[in-house]
Amino acid sequence: MSENQMNVNWYPGHMTKARRMMQENMVLIDLVIEVLDARIPMSSRNPDIDELAKNKSRIVLLNKSDLADPKANQKWMKYFESQGAHALEINAKTGAGVKGIRGLVEKACKEKIERDRKRGIVNRPIRAMVVGIPNVGKSTFINAFAGKACTKTGNKPGVTKGKQWIRMGKSLELLDTPGILWPKFEDRTVGIHLAFIGSVNDEILVLEELATSLLGTIRDRYPGLLEKRYEISEEGSENMLLERIAESRKCYAKGEVLDLKKAAGILIDDFRNGRIGRMTLED
Ligand code: G4P
């Protein structure tokens, strides 16, 4: 994948705007809740967040944990904790794990709450913002976390277009619009991994190339899964694997000619929906 292909959704003006909004909102909050895709915790992360959110309490959510390798989820949580962040694996779609966040907020903001108390400030709610690159599940998470029970505070909708705080009990307020981070394009692996999970517009990608690359990755990291899903041998080149999937899934263009594009589409779709198995692509 070329630089151009990656950057198509992220021209500099777009990034500058995202960064400015993030900086503006950062001033208002105590806690940053960073949402990552558990399948690619590194590539779905923007290292600039450390600079942007310095001095803020931090929570890292490994979202889409249902699609990722459970063992890898555990390892990644340990990793983030070793970096001083509080981490949790969740499935924003079903809400699994989301209940654990309240406890984590208290842990992450313990010092701040103490500081407030010493200064005689009691019951000032923690203000939090959800951040992450596109498609990691930020909106799904806000819905799952805030749910229907929440009440919006701040400006009245329709009157001013200001920020909306979602009040979640006495102790927490959440900014209703997530902060959008941009991926780290300079790194080629990041681009490829984002394309695997569907965060790059498929129309600009050559599906067969993406598929063969994905086949190599899956075979290396999770030998046996392709064999099981498609009843094919995992020996030989990645192109051969794609051909075997086309045969096994009866993808033919005309007569006996294999339709590799169709096979590629099936593979990628299966991967994105977790049908090949739960996988994490980064250690
Ligand atoms: P964003 O705000 O960060 O851009 O992401 P958004 O919430 O729109 O979620 C992007 C996609 O990821 C959505 O799928 C959403 O349903 C899915 N998703 C979010 N969290 C999880 C999770 O924990 N597990 C799984 N398996 N999927 C998750 P979509 O294809 O856009 O819509 P749909 O498939 O829900 O209809």
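One is the number of the first residue; the rest follow in order along the sequence. Remember, it's 1-based here, ligands and their atoms both numbered in the order they're listed.
Across Lys138, Glu89, Lys64, Arg272, heavy-atom proximity to atom 18 (N) of ligand 1 is greatest for Lys64.
The closest side-chain heavy-atom distance from Glu173 to Met168 is not below 4.5 Å. Between Ile113 and Ile126, some side-chain heavy-atom pair lies under the 4.5 Å cut-off.
Minimum heavy-atom separation, Leu88 to Gly97: CD2-O, 3.4 Å.
Nearest protein neighbour of atom 13 (C) of ligand 1, counting heavy atoms only, is Thr140 OG1, 4.6 Å. Protein heavy atom in closest approach to atom 20 (N) of ligand 1: Asn63 ND2, 3.0 Å. When hydrogens are left out, the protein atom nearest atom 22 (C) of ligand 1 is Asn91 OD1, 3.3 Å; that is the closest non-hydrogen contact. In this structure, the protein non-hydrogen atom closest to atom 4 (O) of ligand 1 is Asn135 N, 2.8 Å. For atom 27 (N) of ligand 1, the closest non-hydrogen atom of the protein is Lys93 CD, 3.4 Å. Scanning the protein for heavy atoms near atom 2 (O) of ligand 1, the closest one is Ser139 OG, 2.7 Å.
Considering backbone and side-chain N/O of Val136, one or more are found under 3.5 Å from N/O of ligand 1. For Gly137, a nitrogen or oxygen atom sits less than 3.5 Å from a nitrogen or oxygen atom of ligand 1, counting backbone and side chain alike.
In the model, His193 has a side-chain atom that pairs as donor or acceptor with a side-chain atom of Glu282 under 3.5 Å. Looking only at atom types and distance, the side chain of Thr140 has no donor-acceptor partner in the side chain of Asn143 under 3.5 Å away.
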List the steps and the verdict of side-chain contact (heavy atoms from CB on, under 4.5 Å) for Leu241 and Arg219.
-> CA-CA 10 Å; Leu241 290 182; Arg219 176 174 60 184; 3.8 Å; yes

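Within ligand 1, counting atoms from 1 as listed, the ones closer than 4.0 Å to a heavy atom of Leu67 are 26 (N). For ligand 1, the atoms sitting less than 4.0 Å from at least one non-hydrogen atom of Asp66 are 22 (C), 23 (O), 24 (N), 25 (C), 26 (N), numbered in the order shown with element in parentheses.
Remark: Arg19 fails to qualify as a cation-pi partner of Trp182 under the 6.0 Å distance and 45° angle criteria applied to the six-membered ring.
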